[in-house]
There are 2 protein chains.
Amino acid sequence: MKVLVIEDDPLHRAYLLEAVAAALPECETVLEAAAGGAGEALARAHPEAHVVMDLQMAPRNGIEAARTIWRERPGTRILFWSNYADEAYVRGVSRIVPDGAAYGYVLKSASDERLHLALRSIFVENQCVIDREVRGTQALSFGRKGGFSEGEYDILLDVALGLTDRSIATRRNLSLRTVQNRLQQIYEKLDLHEGNPAAEGTFNLRARAVATALLRKLLNHGALERAEAELAEWLRRQG
Amino acid sequence: MKVLVIEDDPLHRAYLLEAVAAALPECETVLEAAAGGAGEALARAHPEAHVVMDLQMAPRNGIEAARTIWRERPGTRILFWSNYADEAYVRGVSRIVPDGAAYGYVLKSASDERLHLALRSIFVENQCVIDREVRGTQALSFGRKGGFSEGEYDILLDVALGLTDRSIATRRNLSLRTVQNRLQQIYEKLDLHEGNPAAEGTFNLRARAVATALLRKLLNHGALERAEAELAEWLRRQG
DNA sequence: AGCATGTTTGCGGGTTCCCGCACCCCGACC
DNA sequence: GGTCGGGGTGCGGGAACCCGCAAACATGCT
């Protein structure tokens, strides 16, 4: 068995190497990479290696790296080991996981035993392991409780990027009025109206929506960067 | 000499404790706290202790903790040890440092020697130490190169929070037209016009400004949270 | 004083945005 | 077949926003 560790923080990387060695004695080679790009290259060179990686890395995001790895070999088992359970991360991961692939999501604040257990469950038993806290935000995200549908989330991203209603409409192949309708639903789900009683008119709803989404960690810097890259691509194609 | 270490990541905290012990043999007591609130309490109990702390902590931000510590004892020497040199962090720190106080800003990616040197310079020699990279964003922030003035930055924050032009005006005691003028300058400094050739009208400038500020790390989650808290306070006072 | 520079404010118009109302389409269920 | 609910669409009005123009106003320099 081979395991590839991708983590930019040297202390955390050392801790991970130790944890892998302790939890997986049957693992004969442990590879390490300090950045997303290097990790992708190593994964390409070792097609049978399982992966455990951080999500928050600069300059190449963990989600980007995971996406290219999974695109090249959809069966790879990946354990994400992250500091946060932000909805933006959770949603970003579940967006890119291929059908039937085993993966895990463990918080860095978890105990050593949790991490060891997750390592064995995924890489030996081929079983998905999602931390309880992460499950929480997952349920909150996809359940009825003010959860955003895929389409609504896309439009929220477009708004956060600063697109006009009209350009969102052409980009998503919708009518202008439909875009505005969805915005209405987004405002509703973000409780932009209920929160403030007499504070009517003090807020620009469009900007306020982005602010509350950021404060609730529904959006974060990584998600914005990815969306910005896609937008630039689309703009280029558009001419 | 006493040193108080405030850092939520256990691995990093252990590393810091070791570094302090190695670099400052004259330090007889090392206190440690795993959160901002606990750090403030310990600082209150040990008025002569110097502080070395992380900036990015949940739930109580490092800047918040530093502010209350400095408010209670403005002479305290604080070394900030952070992962990032985001303009939002740098600006946040220089906003709260009292006149004449010695402080330092060292990146976690710095070498052991750099950290040791900084520890001795600040706590023994009473000298400010700012990492080269951090100095870079500092110069970029306050120089002529598209740097934002204090007032412009405030308005950028208000816009990011989703306030209306009118409410910004009343909050900052300005005319509505002045607010819009400053917004114009902000759009200019953010290159919202130059960047896109024929992409006229595809962007909502107000939202686009927030997006690019976030992407350039001029704003980040912590800054937004602080601004949101201040806004809530102002709204309550307003009635 | 005289002048230059930069900031603040008012006015007006063109555009975008917010949102209520009504219509259409289509799958679901009786 | 009927009808019912949800999502997409068009129309229209009121508000907010973007921005050019010009008049005050402060400030600093000669």
Side-chain angles (χ1 to χ4, degrees), chain A residues 144 146-213, chain B residues 142-196 198-213:
Chain A
R144 271 276 152 272
F148 282 70
S149 79
E150 205 65 17
E152 287 167 349
Y153 190 75
D154 285 341
I155 290 192
L156 178 59
L157 270 177
D158 285 345
V159 170
L161 287 178
L163 286 175
T164 302
D165 288 0
R166 189 185 312 281
S167 45
I168 297 177
T170 70
R171 185 180 181 196
R172 302 291 179 194
N173 284 325
L174 295 172
S175 137
L176 192 134
R177 190 64 185 86
T178 302
V179 173
Q180 295 177 338
N181 261 339
R182 291 212 163 154
L183 275 178
Q184 224 71 265
Q185 302 167 9
I186 291 175
Y187 299 157
E188 196 106 356
K189 293 190 177 176
L190 252 31
D191 291 337
L192 260 43
H193 298 280
E194 311 186 18
N196 307 10
E200 201 75 13
T202 70
F203 283 123
N204 175 322
L205 292 184
R206 160 178 297 251
R208 185 63 180 165
V210 178
T212 66
Chain B
F142 298 109
R144 270 279 151 270
K145 296 263 297 176
F148 281 69
S149 80
E150 206 64 20
E152 287 168 347
Y153 190 74
D154 285 341
I155 290 194
L156 178 58
L157 270 176
D158 285 346
V159 169
L161 287 178
L163 286 175
T164 301
D165 287 1
R166 190 184 312 281
S167 44
I168 297 178
T170 70
R171 186 181 179 195
R172 303 293 179 190
N173 283 324
L174 295 172
S175 141
L176 192 138
R177 190 64 184 85
T178 301
V179 173
Q180 295 176 337
N181 259 339
R182 292 211 162 153
L183 276 178
Q184 224 71 265
Q185 303 167 10
I186 291 176
Y187 298 157
E188 195 106 359
K189 292 190 179 178
L190 254 30
D191 292 336
L192 260 44
H193 298 281
E194 312 185 20
N196 307 11
E200 202 74 13
T202 70
F203 283 122
N204 176 323
L205 292 183
R206 158 177 300 252
R208 185 63 180 165
V210 178
T212 67

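Per chain, numbering begins at 1; letters A, B, ... match sequence-line order. All values below were derived from every heavy atom in this structure, side-chain atoms included, with hydrogens, water molecules and symmetry-related copies excluded. The shown structure was predicted, so the numbers you read here are calculated from the model rather than taken from an experiment.
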Visitor: Restricting to salt bridge (charged side-chain N to carboxylate O under 4.0 Å, His left out), what partner residues turn up for Glu188(A), sequence neighbours left out?
Guide: none
Visitor: CZ of Arg208(B) versus C1' of dC18(D): gap in Å, rounded?
Guide: 17 Å
Visitor: Please list residues of residues 173-183 of chain A whose heavy atoms come under 4.0 Å from any atom in DNA chain D, ordered by number; otherwise none.
Guide: Leu174(A), Ser175(A), Arg177(A), Thr178(A), Asn181(A), Arg182(A)
Visitor: Polar-atom pairs under 3.5 Å, protein N or O versus N or O of nucleotides 24-26 of chain D: list them with distances, or write none.
Guide:
none

Visitor: How far does NE2 of His193(A) sit from CG of Leu205(A), to the nearest 0.5 angstrom?
Guide: 5.5 Å
Visitor: A side-chain contact here means heavy atoms from C-beta on lying under 4.5 Å apart; do Tyr187(B) and Gln184(B) qualify?
Guide: yes
Visitor: Starting from C1' on dC18(C), measure out to CD1 on Ile186(A) and report it in whole angstrom.
Guide: 14 Å
Visitor: Do the side chains of Leu190(A) and Phe148(A) get nearer than 4.5 Å, heavy atoms only?
Guide: yes
Visitor: Measure CD/Gln184(A) against P/dG7(D) and give the value in whole Å, please.
Guide: 14 Å
Visitor: Identify, residue by residue, the members of residues 155-168 of chain B with a heavy atom below 4.0 Å from DNA chain D, and return them in order of residue number, or none.
Guide: Thr164(B), Asp165(B), Arg166(B)
Visitor: Let me know the distance between CZ of Arg206(B) and P of dC18(C), rounded to the nearest Å.
Guide: 11 Å
Visitor: Say you draw a straight line from CD of Glu152(A) to CG of Leu183(A); how long is it, rounded to the nearest 0.5 Å?
Guide: 10.0 Å
Visitor: Please report, rounded to the nearest Å, how far the P atom of dA16(D) is from the CG atom of Leu205(B).
Guide: 19 Å
Visitor: Only counting residues at least two apart or in another chain, list the ones meeting salt bridge (charged side-chain N to carboxylate O under 4.0 Å, His left out) with Arg182(A).
Guide: none
Visitor: To the closest 0.5 Å, what do you measure between CD1 (Ile155(A)) and CG (Leu174(A))?
Guide: 6.0 Å
Visitor: Relative to the 5' end of DNA chain C, which residue comes earlier, Gln185(B) or Asn204(A), by the nucleotide with the nearest heavy atom?
Guide: Gln185(B)
Visitor: Heavy atoms, side chains only, cut-off 4.5 Å: are Arg172(B) and Asp154(B) in contact?
Guide: yes
Visitor: Strictly by modelled atom types, are Arg208(B) and Asn204(B) linked by a side-chain donor-acceptor pair under 3.5 Å?
Guide: no
Visitor: Grab the two heavy atoms, one from Arg177(B) and one from Ser175(B), that are nearest each other, plus how far apart they are.
Guide: N-OG, 3.0 Å
Visitor: Please output the side-chain donor-acceptor pairs of residues 160-169 of chain B that fall under 3.5 Å, not counting sequence neighbours, one pair per line with the distance.
Guide:
from, atom 1, to, atom 2, distance (Å)
Thr164(B), OG1, Gly201(A), O, 3.1
Thr164(B), OG1, Thr202(A), O, 3.3
Thr164(B), OG1, Phe203(A), N, 3.4
Asp165(B), OD1, Arg206(B), NH2, 2.1
Asp165(B), OD2, Gln180(B), NE2, 3.4
Asp165(B), OD2, Arg206(B), NH2, 3.4
Ser167(B), OG, Thr202(A), O, 2.9
Ser167(B), OG, Thr164(B), N, 3.0
Ser167(B), OG, Thr164(B), O, 2.9

